[in-house]
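Heavy-atom basis, side chains included; hydrogens, waters and symmetry copies ignored. In what follows, chains are A, B, ... by sequence order, proteins preceding strands, each numbered from 1.
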Amino acid sequence: MFRLAGLLVTVVALLGCEKAPGDDEQTQTINPNFLVSQGKKADPNYVLSFPKDHLPHDAFDIEWWYLTANLSGDDGHQYALQWTLFRFAQSSQQNQWYQGQSFMGHASLHSPDQHWFSERFAPGGLGSAGVKTIDNKLNLFIDDWLWQGKSTEGTLFPSVLNTKIINNTSSMEVDITLTQTGPFVLQGENGYSIKSKQGKHASHYYSLPFIDVTGRLELPTGDVEVSGKAWFDHEWTSTLLDQTTLGWDWMSLHFDNGDKLMAFRMRLNDQEDYQTGTYIFKNGDAITLSPQQITLTIEKSYEVEGKTLPLEWQVVIPSQKVDIKVTAVKRNAYNPSVFPYYEGAVKVSGSQTGKGFLELTGY
Amino acid sequence: MPRTQPKLFEVARMLVLSYRQTWFSLAMVWLSLLTACAGLSAVLLINQSAKQSYSADSANAILSARHQILPIQDSNPISLENYRLIKQQGLSEAIAISTARVTLFADSKPLGQRIDLIGVDVLALLNQVKVSDSQADSSANMQKAPTSANPLQIGQRMGFNQDLILAHPRLLEELSITEDTVLSLDANMQNRLPRIRSAQLSGLGNELLLDIGVLLSLLPSNDITRILIPSPLNDAQLANIREWLPNHLTITPIEDVQDSAQLTQSFHLNLFAMALLMFAVCLFIVMNACNLLIFKRFAMLKTLRQLGVSRRMIIITHAAELLLFAAVISALGVLVGTQVAFWVAPTIRSILEGLYRVQVGFIDTQWLFLYLKIFMTSVAGLTLALLLPMQQLKQSLATTKSAIADVKIDAPIVSALLFFSLLAICLFAFSNHLGALLLGAAAVVLAGSCLLILLFPHLLSVCYRVVSSQYTFLRLGLAQSRALSQKTKIACCAFFIAVTSNLGMNLMVDSFRASTESWLDQRLVADHYLYSDNPAINQQLMPLAKQYSVEVHPRFEKEYEYAGRAVQLFSYPSAERFAQAMVFQDTSANAWQSFEGGKSVFVNQQFTIRNALSLGDEVDIQVPITAKTESFTVAGIIYDYGNPMGQILMPPTLFEQNPASASIFALLGEQANIAAFSDALKTLDIKLDEQLFESAQILSGSMEVFDRTFVITDGLNLVTLLVAALSLACTLVTLIDQSRPQTMLLRALGISAWQGRGLLLLQYMLLCFVALLCATPFGILLSYILIEQINYHAFNWSYPLVIEASKIMQLYGISFMVVFMVISAPIVLSTRKSLAQELTCLD
Amino acid sequence: MLRLKDICKRYKDGNSSFLVLDGASLDLENGGSISIQGPSGCGKSTLLHLIGALDKPDSGTIAFTPANNATLDIHNFTEHQADDFRRKNLGVVFQRFNLIDCISVQENIRLPGRLNDNLDEHYIASLCGTLGISRLLNKFPTQLSGGEQQRVAIARALAHKPDLVLADEPTGNLDEENSNIVSKLLFDTCQKLNTTLIVVTHSEAVAKQAQRQLVVRHKKLADIHA
C-alpha cells in the first residue's frame, strides 16, 4: 500500500503552472519538484527480497516506511500511533547537501482527547535521515527519531522505536518494542501493486500486518504502559501521482479473529474510482481483491477543519462474508503537516469486529 | 445645536473662499507640514529597515531567531558533521546558514554592487512554517506578522523546489534586472545561479536567498557560517546544549550580538534625533505660517465677529481646518518619505554595510500603521505649536483693535527657563539612562530658547547704544530690529534651535573626527599591517619575514570574559616606538615599567567605565600563558574610539608566542624590504589587496568611511537650517506688511528702493546675527553634553571637545547665506510695487 | 520757481482706467506758498505725489528751479534722480505715519540731515525751539500726542533745509485747536526759511493761510476764487 501525505490536488494542479505557487501569497502550498521528475518505474517482474528491500530504492521518486499501531494503555485508554519516514527523490539536487534525496518524518499520537504531531525534514546528503544498515542493524531515522532493528541480520523486527513528539502546548515520548508475529505480505502481484484501472499507477508494496507492540508512552500526565497491534507498510513508486490523481482513502484493519484487511479507494480525475484491497488470513496467506470483489461505501461524512470527510464506511467483501462498518474513533484526526491529511484509528463492527486505521487524502 | 451647524459650514466656507488671497501662507503651512511628515517617515522607515548584525547575519533579520551557534574561531568552522550532530541531538528546528559576498554577472557584465548570497537549509525552515503560520494569523502580532511570515513565504516557494533564488523586488529594481535575467558567478556565465523569483520578504535587502545545498555546490569552499535556533531556549536547555556542543562551537543569544554593534545605535539615534529636530523646526514654520494666515484673514474674521459668529466657532473651524490639513498631508508625507527612504537606501546601506558590517533590508511598509503614527505626531505637534497663535487670535477677536496684540509672555518664559534649566541639571546629575540624557540635552536647548526670548530685545538695545550715530543706516537697522524683536521671538527661536543643534552636532562630529584621525595616526605605529587568521600561514610569517629583514610584531589575542561580558585581551609591545604610539586618557607614574614587568595592564575607557574602575585599581585577570588568574594594576587608561568592547592590553610575554593565535601583524622595515616581503607573501596564498595595508591607506580609508557616515547628518543639518530660515520668512512677510508705513516714509525721505530693501535685509540679518551669537555658547554646551554625557553613558567612551573658531565661522557663514537666500525673495517681492501705490498705506 | 504744465495722470483699476488729472498747470515762485483744495478723490494727493517725484505724469512737464540752481525736470527723473531730489530738495509732511516709532524724536528730526550729510545741529536746535518741541527730543513718537507728532514731522521735513515742502493733509488727524497751531507753525516757519510750501487740505482755515488758494476742478488746477 502506498501513502503520500500532501495536498495532492493543489500540488498536481500547480505542476502545470509557470510561476512558483508561492507568488500567490494566500496559498499555503509547498511545491515539491519531486513530482515533476520521473524516476524508475515499478516492474511487475521484480522479485522482492529481504532484508535488501527494506532499504531505500533511490531510483524511485517516492518511498515511505509507514507504521500504524492501535494501543491499549494501562490507564484504560486507547491510543493511536503513527510513525512514517518518507523519501523524495530530487534529481535536480545532485549536490553534497542533498545527494538527490530529501526525507520527511511524521509522528502522531492520539489519546482520547489529545493529539501530538511532529514533522521533520532533512536533506539526503547530511546523513541525519535515512534507512541504513549500521553495524548490521537496520536503522530508520530522522534527526533524533530512531526505529532500530535489534537483529544483526539487518531485519526490521524485532525493533525498538523511540520518538519525541512535540505539539504547540506539550510534548510526549514514544518508547516501544515491535515484534513480528506473522509473515510479510506482498501486496498486489508479488509486491507489484496496481492503483488504477488502466494500470498506469503502480508501485512496489509490501506490508507486515502482524506486529505486537509493547512499550511506554511518556505523557505530560505521566507514563503509560501500552500494548497492542501494529501494521507496517513499505512502498515505493514513481507513477503514483499525475494530473489525474485526486486522492485516496485507505484503511488497515485488525480483525479480532486474527485476520487482516487492507482496503483502499483511489480517486482519479478522468476515470472512475478504483477500489481494491487485500484480505490477509491469520496464517499469513493473502488474497488480492479486485474492484469487483470489494465494495467501499461512504455511510456518513462530517465537517472536519472545513472539509467534508467520510468517517463512516461500509466495507463488503462477499467472497469472505465480510460486511462491516468502519467508524473513525476521533473526528478530528488531521495531521497538521505542511501536507495535511487525515490519519486516525477506527473501530470495526458488523460481521467482523476489530480496530485499525483510516487515512484520507486529497480532500 | 441646529443653529451651530449652519454657522460652522458658513464659517468654513468663508475660510475656503479666502484661500485665493492667502495662498502663500497656506502653501507655507502645507509645505512645512509635508517636510516634517516626509522627513520623519523617511527616518522611521530607514531605521526600521536597518538590521543590526555582524557580517552576513542578515539571515536573523529575515528569519528572526533567538539563538545562534557560531564557531569560536573562523579558522575552525561548522562542519556538516557538526550540523548532523546538532540535528541528531534533537535540535530539529536548527537552520544552517551559509553566506558569501560575491560579484555577480549578468550578460557577462558585473552587477553594480557586490551582493550577499544567503544559503538557508530550506527543509529545516519547513519546520518553522506551521509555527509562523499560526503567528501570522494572530491579530495581536500585527506588527510582527510580516517578519514571522517569512519562513512561510520562503517555504512556499522553495520547499522541495530548490531551483530558485529569492530577491526583493526593490533590489531587482536597483540592479536593473528582472526575473528573467540569468545571473552567474563568473563572467563566462558558466557558474549560473538558479532562476530568480521576486519575493517581498521583510528584512531582505542587498541579499539573494537560496537553498544552502545549491549555494555550497556553487561555492564549494564556503562553510556553514552559523546555525540559527528560532525558538526560545531556557537556561536548562542552553546548559544541556553546551554539554554536547563541540568545543570549537558556541551558542549565543542573538541579543548579545546586537548589543555589540553600538555604532549602529549611534547612527540610528543620530538620524532619529535629526528627524525629530526637523519635525520640531517645521512646526515652528507651521506656527509662523498660521500666524501669517490669521493675519491675512483677520479683517474677515473681525467682520464675522461683527455678524455674530462666536469666537469658539471661529477657533473650532480653524482647528477642523488644520486637522484636515494634517490628515491629508500626513498621507502625502508618508508617500514622499517612503520614496525618499527608497532613494537614500543605497547610500544608507553602503554606509552601514561598509562601516558597521550591518545589513539594511527592504521592509514591507505597513502603510496604515506608519500613517497613523505620522498623523498622530502631526496632530500632537500642531496642537502644541498652535496653542499660542490660537490664544492670540481668541484674545484679538475679543477686542476692537485692528492689529493683533502681542501677548505678554515674559513671566511664563522665565518660569519655563527655570524649569528647563533645573530639569537639565537634575537629569545630568542623577541619570545615566540614554533617554533621560537626550531629554536633558533637549532641555538645555529649550532653556537657551527661553533665554533668547528674554534677552533678545535687551541685546539689540545694547548694540544700538554701542553703535555710533554716524552709522545712520546701521543704527536705523538696529533700532528697527529692536522693535521687531518682540514680534520675531518665536521665529528666531526656531532659528536659534537650528543653529544650536547645528553647532552642537558639527562640533561633536568635528571633535570626533579630529580625535579619531589623530588617534589613528598616532596608533598606527607601523607602516604596514597584515591581516591573516589562517594558523598555517601565520606560522610561516616570521621565518619568511626574517629572510627579508622585516620585523613582524604579531598581536596575540585571547578570547576572554570579564564580569560576564566578552572583552578583548591583546598583547602590546612596550618598545619605545610602540610606547609613543599609545594614546592615553590617563597613566600612572612608571606605567610602562610596571606594564613591561607584567605587574600592570592598560585598559580602555570602555572597560573602566563598565567595571567602575580607576587608575591604580586592581583587577583579576587570567594570564593567557599560564591560564592562572592573577591580580594586575590598572596603570593606564587608553582611548579606544568606537570600540563596543572592553579591552585589556598585556605585554607579549604573557601570551603564548604562537603566531597562530594572532590575526594582525605590524610590519616594520625598509620600504624595499617590505616590498620584497610582500611579493613573497603571495607564495603563502595571501591576497595582498585584501590583507596587506599601508598605514596611510588605513587612515585615509577610515576617514573616508567616517565622512560618508556623517554626510547624512550634514544634509539633515542643512535642511534644518533651511526650514528655520523658512520660518523666519513667514514671519517676515507678516511684518513687512505691518511695517509698510515706516518703509514708505523712508522712501519718501529719499531713500532709494534698493536702500529700503537693504535696510529691511539688514534688520533681519541683525536679528539672525544676535541669535547666532546667543546660539554659540549653547551650541558648544550641547556639544559638550553630547560627548561627555550622551556618548559617555551610551557607549562608555568619550573624546576631547575641540572647538575650532573656523568651524564656528563656517556655520555663521552658512547660516547667513541660508537666511539671506530665503528672506531676499519676500523682501524684493514685497517692495516691487510703485511708490505711489505703496503710499496709499499712509492715508 | 515750480512750473507744472498740462499735467495728465490716469490710474488703472482692474480692466478700466480713470483720468485723475487732465491738463493741470501751475506756476509757483520760490519761497511762495499755495494751498490746494478739492473733494475727495479729485487728484489733490496725486498732484502732490507728482510734484514730489513720488510718481510720474502720463504727460505734461514739471520743472523745479531751486534758488541759484539748475532747473530740475521732475517729470523726466530716473528713479535715482527722484531719490536724490526727495533727499536733498524736498520735505514731506503726511497726515499720519510721519515718524519712525523705533527711534527718538531727536533721531527722527536728524534723519534727513544724516542722509544728506548736511546735519546742522544749531539750525535744528533753533527749529525745534521755534516749533516748541525742544523738551520732546528724548521721547519716542508713541509717547507724543497727535499735535506734538505733527510738529516733530514739520521739524523733520525742514531739518535738511529743503527747497520745497509738500504737506498732504498735515492737520487731517488733529482737532481744531491743534490744527490751527500746527498749520500756523508750518506756514510761518516755511516763510521764515523762504521754503516753497504746497499744502493739500480740506480745511478752509488752513487753506486761507497760504499765499494762493487753488482748487482741483474738472481735473485741472484753478484759482479758488475764479
Checklist outcome for this item: One should read off an interatomic distance between B:S92 OG and A:I166 CD1, to the nearest 0.5 angstrom, of 7.5 Å
Next on the checklist: What I want to check is whether the side chains of B:D163 and A:Q93 have a donor and an acceptor closer together than 3.5 Å.
Outcome noted: yes
Checklist entry - So which of B:L80, B:L123, B:V122 actually passes side chain to side chain contact (heavy atoms under 4.5 Å, CB included) with A:P123? => result B:L123
Item to check | Exercise: do B:R84 and A:S128 side chains pair donor with acceptor under 3.5 Å | outcome: no
Checklist entry - Rounded to the nearest 0.5 Å, how far does CG of A:N95 lie from CG of B:D211? => result 7.0 Å
Next on the checklist: Looking at every heavy atom in both B:L126 and A:V338, which two are closest together, and how far apart are they?
Outcome noted: O-CG1, 4.0 Å
Next on the checklist: If you count every heavy atom of other residues, nucleotides or ligands that lies below 6.0 Å from B:D235 atom CG, does the total exceed 12?
Outcome noted: no
Checklist entry - If you draw a 6.0 Å radius around CD in A:Q94, do more than 12 non-hydrogen atoms from other residues or ligands fall strictly inside? => result yes
Checklist entry - What part of B:L218 is in contact with chain A, defined as an atom under 4.5 angstrom from a non-hydrogen atom: side chain, backbone, both or neither? => result neither
Item to check | CZ on A:F121 to NZ on B:K87, rounded to 0.5 Å | outcome: 11.0 Å
Item to check | Derivation of the side chain to side chain contact (heavy atoms under 4.5 Å, CB included) call for B:D121 and A:W97 | outcome: CA-CA 9 Å; B:D121 181 359; A:W97 191 265; 3.7 Å; yes
Checklist entry - Do other residues, nucleotides or ligands put more than 12 heavy atoms under 6.0 Å from the CG atom of A:D113? => result yes
Checklist entry - Looking at CG of A:L126 and CD1 of B:I212, how far apart are the two atoms once the value is rounded to the nearest 0.5 Å? => result 9.5 Å
